[in-house]
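Values below: all heavy atoms of this structure, side chains included; hydrogens, waters and symmetry mates excluded.
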Amino acid sequence: MFFAREDTLGLVEFQDGLLVKAGSSYERLRHAGIVPGQFLAIAAPDWVTDEAQEFILVRFLQITAGRDNNICELHCRVMGSCCIDRATKQLSYSAGLPAYGAMMLLPACACYMLPEAIMRALLALSGDAGESFELGHVRWGEHIGKRKHTVPVSMSVNEVVGKRTAMFGKTRLGKSNVVKLLMQGVLNATRQSRHVGQLVFDVNGEYANDNPQDGNFSIASAYPDRVRVYFLSTQPRGDGEFLRYNFYDIPERATAIFSELLTPSVLEIPEVRNFLMIRFPPLSALKAGDSAAAFRKLCLFWTLLQDAGFEPGETVCTEIAERGLFNVGFTQSLRMAAWQAMKSKVPPPMPTSFTEMTDEIRVLSAFALKYANDPNLRVGRTELFDEEDRVLQELLCQTNGVGAYFLRECLQFHSANASDFLHDTLRAIDTGKTVIIDLGAANERIVRYFSRIISTAVFQQQEHKFITNTLAGRYVQIYFEEAHMIFPVDAAGKNTTDIYARFAKEGAKFGIGIVYSTQSPTSVSYSLLTQTENFFIGHLSSDIDVDALASVQSLFGAVKDDILQFRLPGFMRVLSYSRRFALPIQAKRFDPRERR
């Protein structure tokens, strides 16, 4: 037998639905060392057969005084019923009371401590076997020392991958540490298969940068061959790369990106709005023999970038050279009229460098604005420059007082040597790598922008694989910090096509799992909460927050007081996909030496 009569904490005296009361003594409870929140068992001798032993799993709630000073009453709440196969020692769990639950009223039913072997079997329950990683150990209360209860708690990687996982709790209480444990668990479990790629939006730089509390390691430095980092800061560290665009190379996307990155006050300027409405042809279109007019429009755009301080790269210079030694295509008569009118000299030889080409563009733009009726500015009845060209020329010549300088806000996102980080990120994830986007010190608007465009690219790639039946068991796990910026509470129901709404509702179908963390569950979309399978809950200080959790997972209602009172770093209530009860754990500290 797993439960011997001499080990009883007291006999059951009263039952009211799921509430059970047992008589005990203070001395017996003091010797057992139980605390509120601890799991106990209620069993009886006739619940034992040759094949199995059954018991009722309960959660200890409180003690009340009995008839005299040494007698007390032990109050518990039923969590479910368990059955242990005596031969295999395997344990099964069912929520609620069995049909014979009324038998607990018999005096033979007693309350017991859970033996460690049963506790381990209970924690090992999982509906989806897979390689597991350790989260920490069971800890029933804040005042219980770390070595008092050391039954380890593990989690299957299959419970995380492709699922939605929430991390809630006040700041500095260990949310980021648990996120590192999840990342590390996935990296270690997929070291051979590489079937899970991870994408981390690192708002505070905690995963990309080494930390003294982690032995001067980070996820990035602990797994240098498995992790790729993009930095938004001025100087990338280690093997990281810039999170940058080369706006010269992507003219077809440039104005759309500027529309996202420029501040709202700049976007309200009429001349800026007119500029952002222009759509430029891609460089690939020029290779296909696009018209001289399209090429001139690109040259105007590139000159505007140069005036704003954007350094051109080799690609665009090569493209311009291939168009004929930087010859923009102006007739010699037009060049003669423009240079003499604006510079009082004959025109120089045809441009042979990027700088000479932009000088020519400036002179011709000033001439076109000042002498709009000059016949050299027409080809037959067609104007050489259209309305969009004139918008660019007015900015170049600062006729409206705006000039090119409004673009300087976006200089921090430009590099002449920038790679296509979207393409490279998708490739890295597809080969089982972890990509960390370090957005440290970025404002909320910038965080939202990069999170959205990269998330959208990942979603589209996974959706395409699903449609073409090429998912092949490959997953993407995405980590969002400061989730209230990404999944705001007021987003629910407003836009069902929003990428994050699609993550919540369709992500699992496309092999996408998300881990999102923030301080308060009431600050994120309720629809996302209802779709979430795994919860890690640290200390919360508001009844409203805990009630919000209980409204989507009723099991948190039973531990509401603990969540509100206990404020210990790493002390969390965990409700995972395979477990049907909230488990109090002390999360272990992330150790980069555990990389495998």
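Looking at R273 and E268, no side-chain N of the basic residue comes within less than 4.0 Å of a carboxylate O on the acidic one, giving no salt bridge. The existence of a salt bridge linking D225 and R191 is excluded, since no basic side-chain nitrogen approaches an acidic carboxylate oxygen closer than 4.0 Å. Between E594 and K588 there is a salt bridge, since at least one side-chain N of the basic residue sits less than 4.0 Å from a carboxylate O of the acidic one. We find that E481 and K175 are not joined by a salt bridge, their nearest charged nitrogen and carboxylate oxygen being 4.0 Å or further apart. Comment: K560 engages D543 in a salt bridge, judged by a side-chain N to carboxylate O separation of less than 4.0 angstrom. Between E463 and K509, no side-chain nitrogen of the basic residue sits less than 4.0 Å from a carboxylate oxygen of the acidic one, so the salt-bridge criterion is not met.
Other residues, nucleotides and ligands place no more than 12 heavy atoms under 6.0 Å from the CD atom of E311. Taking a 6.0 Å sphere around CD of Q90, one finds it holds 12 or fewer heavy atoms contributed by other residues, nucleotides or ligands. Atom CG of N469 is surrounded by 12 or fewer heavy atoms from other residues, nucleotides or ligands within 6.0 Å. Summarising the local packing, NE2 of H195 is surrounded by more than 12 heavy atoms from other residues, nucleotides or ligands at distances under 6.0 Å. Other residues, nucleotides and ligands contribute only 12 or fewer heavy atoms inside 6.0 Å of the OH atom of Y475. Counting heavy atoms of neighbouring residues, nucleotides and ligands inside a 6.0 Å radius, atom CZ of R427 does not exceed 12 of them. Around CG of D420, the count of heavy atoms belonging to other residues, nucleotides or ligands within 6.0 Å exceeds 12.
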>> Working note: T263 + E409, criterion side-chain hydrogen bond (donor to acceptor under 3.5 Å, both in side chains); need CA distance, chi angles, decisive distance, verdict.
In response: CA-CA 8 Å; T263 56; E409 288 186 346; 2.9 Å; yes
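For residues 520-534, the salt bridge (Lys or Arg N to Asp or Glu O under 4.0 Å) pairs, not counting sequence neighbours, are R164-E533.
Minimum interatomic distance between F535 and Q553 (heavy atoms only, all atoms of both residues): CE1-CG, 3.5 Å. Closest approach of F217 and P592 over heavy atoms only: CB-CG, 3.4 Å. Here the closest heavy-atom approach between residue R448 and residue Y500 is recorded as O-OH, 4.1 Å. Nearest heavy atoms, F275 versus T255: O-CG2, 3.8 Å. The two residues F590 and N177 come nearest to each other via the heavy atoms N-OD1, 2.8 Å.
Ring pair Y245/F450 is parallel by interplanar angle, where below 30° counts as parallel and above 60° as perpendicular. Ring geometry for F258 versus F301: interplanar angle of 30 to 60°, hence tilted.
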Name every donor-acceptor pair, under 3.5 Å, that has one atom in a side chain of residues 567-576 and the other anywhere in the protein, sequence neighbours excluded.
from : atom 1 : to   : atom 2 : distance (Å)
R567 : NH1    : H539 : NE2    : 3.3
S576 : OG     : E159 : OE1    : 3.0

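Scanning for side-chain contact (heavy atoms from CB on, under 4.5 Å) contacts around T431 gives K433, with sequence neighbours left out.
Inspection of the N209 and S218 side chains reveals no N or O donor paired with an N or O acceptor under 3.5 Å.
Checked against a 6.0 Å centroid threshold, the rings of Y479 and Y516 do not count as neighbours.
Just one of L243, N204, D202 meets the side-chain contact (heavy atoms from CB on, under 4.5 Å) condition when paired with L439; it is L243.
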